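What follows is a short report on a single structure.
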Number of protein chains: 2
Amino acid sequence: MTVSRVLRNRGDVSPTTRQKVLEAARQLGYVPNKIAGALASQRVNLVAVIIPSMSNMVFPEVMTGISRVLEETELQPVVGVTDYLPEKEEKVLYEMLSWRPSGVIIAGLEHSDASRAMLAAAGIPVIEIMDTDGTPVDSAVGISHRRAGREMAKAILAAGYRRIGYMGTRLGLDHRARKRFEGFTEALAKGGVEIEDQEFYTNGSALGKGREMTAAMMARSPELDFLYYSNDMIGAGGLLWMREQGYDVPGAVGMAGFNDVQLLHGLPSKLATMDSCRQEIGRRAAEIILARLNGEDAPSGKVELTPVINPGDTLRAP
Amino acid sequence: MTVSRVLRNRGDVSPTTRQKVLEAARQLGYVPNKIAGALASQRVNLVAVIIPSMSNMVFPEVMTGISRVLEETELQPVVGVTDYLPEKEEKVLYEMLSWRPSGVIIAGLEHSDASRAMLAAAGIPVIEIMDTDGTPVDSAVGISHRRAGREMAKAILAAGYRRIGYMGTRLGLDHRARKRFEGFTEALAKGGVEIEDQEFYTNGSALGKGREMTAAMMARSPELDFLYYSNDMIGAGGLLWMREQGYDVPGAVGMAGFNDVQLLHGLPSKLATMDSCRQEIGRRAAEIILARLNGEDAPSGKVELTPVINPGDTLRAP
DNA sequence: CTGAAAGCGCTAACAG
DNA sequence: CTGTTAGCGCTTTCAG
């Protein structure tokens with residue numbers, strides 16, 4: 001009835017009636033039932049955002065980008081976490097899709113067949129974020145991690161380092177870290193260089209883990225002149241340790257991480273890193289969803305952003 | 001019809017029919033419409049979790065606690081962020097309640113009248129978390145921040161420090177920081193000590209902010225022999241700066257923060273801090289929701305956890 | 001064990 | 001401008 005019109009400020013309603021309805025609603029502490037509304041209108045103002053992890057430094061920034069854009073609209077982000085597990089991703093996706101969101105923003109391009117099928121069949125805009133090395137179901141916004149790895153390798157070689165060690169999360173779980181690693185080794189190979197030592201970890205306090213792994217690696221392979229980390233947190237831990245031990249960084253040993261984590265900007269020494277454009281990825285993804293929903297023909301396909309190397313204090317000038 | 005029974009494994013269905021239905025569902029890529037289901041059954045397996053911020057180190061851990069418990073049930077957490085703004089909290093709450101969740105977990109005890117009214121009228125379990133200094137709408141799980149402040153003040157006095165400076169977020173936005181500050185000054189007053197210098201900040205990179213503020217304060221008030229920070233991040237920044245400057249910590253100047261942020265465990269020197277029981281808070285809150293939903297008469301009222309001081313390397317022994 | 005029927009609380013179209 | 005009428009896709013209840 002008219003009430004519905006008032007509550008949604010739709011259609012023409014006389015100011016008098018309008019006031020009456022509004023008043024009554026307030027007095028009753030009325031909260032509309034979106035479930036019924038959604039069922040009737042076949043529209044849900046929710047955007048499903050599916051990410052591997054919450055605690056990771058990368059996600060909050062992506063989320064900020066998404067929120068910034070969505071805040072000015074009716075749309076609301078709803079977050080689901082997969083813990084990097086394909087089965088869990090499938091479950092979370094199923095669960096979210098069963099609420100018929102208006103769009104999906106999902107991290108990564110690697111999904112189980114079932115997940116891809118669901119995404120393709122959902123009939124809503126699907127934006128895969130963070131990565132562009134692969135084929136998106138619909139659209140993708142991110143950076144090429146393979147290229148990121150290559151660029152870093154080139155910068156390292158250009159700076160004259162040759163004996164390189166790598167530390168990172170156990171590959172396989174984290175496709176983007178894996179791709180960076182692949183790009184990295186590939187570009188090194190082109191320069192005739194091979195990684196001399198490597199170590200992988202699964203979990204633990206990142207800074208502390210970085211220290212431990214670095215200590216172990218330098219003990220094992222004292223000849224190394226560069227340490228490349230799959231992320232800034234372990235890299236920063238390693239850097240702290242190296243400084244304490246009195247290593248000449250970046251003179252004798254160079255170091256680099258990945259992500260350009262804001263949080264670490266106050267450390268005494270700044271690790272070389274690469275900005276992963278997290279906030280912009282969030283923003284762009286949300287914008288594409290909006291455009292699609294408005295019927296505009298937004299770029300279906302890939303949007304590849306260009307990460308920039310920040311040499312910090314741990315990469316000597318070429 | 002029968003299909004519904006199969007998909008929910010409810011009621012008696014012959015294995016034959018069951019198989020047929022399951023097969024058909026898979027082939028069609030059927031994803032049930034929870035909207036319709038929820039409308040019909042008047043039940044929604046969602047728990048609204050409303051928190052001030054995502055990037056804050058505190059939230060992910062609370063979320064972990066909640067997820068751990070909820071994972072073994074039908075219930076799913078859905079997160080809303082308020083940015084510490086009461087108006088936004090109101091909006092987010094309204095939005096979430098309009099989806100008729102099974103329960104609400106919301107940070108803090110301070111809410112607008114409208115928010116409290118909504119929570120009270122929702123007719124679902126409402127758990128206010130993090131804080132117990134105040135009157136909950138329904139139940140509360142957390143620590144007493146006033147007491148936390150007092151305990152830290154006592155420990156500082158016991159260690160013999162007397163000339164104390166405070167740095168933290170601008171009070172008023174963050175009620176829990178405010179309460180800690182109040183408890184802190186109160187206990188100091190009992191010991192005949194007053195804060196000699198204080199500084200508040202609004203935003204910025206936490207470690208970096210800590211450095212800046214600390215530098216400014218030590219320049220302004222070189223007589224200080226203790227620095228108390230409203231959180232570990234700015235405290236850690238301050239500590240790094242103090243070490244660089246060659247201060248004798250904790251000999252000449254003691255320092256302490258709050259939260260016991262895991263992330264910082266790899267720093268060269270460990271700030272004295274107080275564990276805020278974040279994961280346990282999440283766990284307990286979720287458990288209460290579950291118990292309530294199962295009709296058990298779970299503790300309505302407050303559950304106060306006891307934070308423990310971790311002296312780290314920046315608080316000398318008494 | 002399986003089918004049929006009646007809504008859940010709203011929106012969307014259409015009459016007044 | 002305002003009321004009426006059908007559903008939305010499920011669950012629930014009640015008969016077969």
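Each chain gets a letter, A, B and so on, in the order the sequences are listed, and its residues count up from 1. Keep in mind the model is a prediction, meaning the values are calculated, not measured.
In summary, A/Glu287 and A/Arg283 engage in a salt bridge, as defined by a charged side-chain N under 4.0 Å from a carboxylate O.
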Pairs of donor and acceptor atoms involving the side chains of residues 104-113 of chain A, under 3.5 Å and at least two apart or interchain, shall be tabulated with distances.
residue  : atom : partner  : partner atom : Å
A/Glu110 : OE2  : A/Lys179 : NZ           : 2.8
A/His111 : ND1  : A/Glu89  : OE1          : 2.8
A/His111 : ND1  : A/Glu89  : OE2          : 3.4
A/His111 : NE2  : A/Gly108 : O            : 3.0
A/His111 : NE2  : A/Glu128 : OE2          : 2.8
A/Ser112 : OG   : A/Glu90  : OE1          : 2.8
A/Ser112 : OG   : A/Ser115 : N            : 3.1
A/Ser112 : OG   : A/Ser115 : OG           : 3.0

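Side-chain contact check for B/Arg278 and B/Ser276: at least one donor-acceptor pair (N or O, by modelled atom type) lies under 3.5 Å. Side-chain atoms of A/His145 and A/Arg176 include no donor-acceptor pair closer than 3.5 Å.
Phosphate proximity of C/dA12 to A/Arg43: present, with a side-chain N or O under 4.0 Å from OP1 or OP2. Between B/Gln42 and the phosphate of D/dC10, there is no side-chain N or O to OP1/OP2 separation shorter than 4.0 Å. Side-chain nitrogen and oxygen atoms of A/Tyr30 include none within less than 4.0 Å of the OP1 or OP2 phosphate oxygen of C/dG9.
Between the P atom of D/dG9 and the NZ atom of B/Lys34 lies a distance of 17 Å, rounded to the nearest Å. Between B/Ile35 atom CD1 and C/dG9 atom P there is a gap of 16 Å when expressed in whole angstrom units. What separates CZ of A/Arg100 from C1' of D/dC10 is a distance of 11 Å, to the nearest Å.
By the 4.5 Å heavy-atom criterion applied to side chains, B/Asn231 and B/Val261 are not counted as neighbours.
Set against C/dG9, C/dA12, D/dC10, the side chain of B/Ala36 has D/dC10 as its closest nucleotide. Closest contact between the side chain of B/Asn33 and the listed nucleotides C/dC8, D/dC10, D/dC8 involves D/dC10. With D/dC8, C/dC8, C/dC10 as the choices, the nucleotide that has an atom nearest any side-chain atom of A/Leu39 turns out to be D/dC8. For B/Ser41, the side-chain atoms get nearest to D/dT12 when compared with the rest of C/dA12, D/dT12, C/dC8.
One end of the helix from C/dC1-D/dG16 to C/dG16-D/dC1 points its axis 40° away from the other end's axis, with each axis taken from 5 pairs and the angle rounded to 10°.
Between A/Leu70 atom CG and A/Gln76 atom CD the span is 8.5 Å, to the nearest 0.5 Å.
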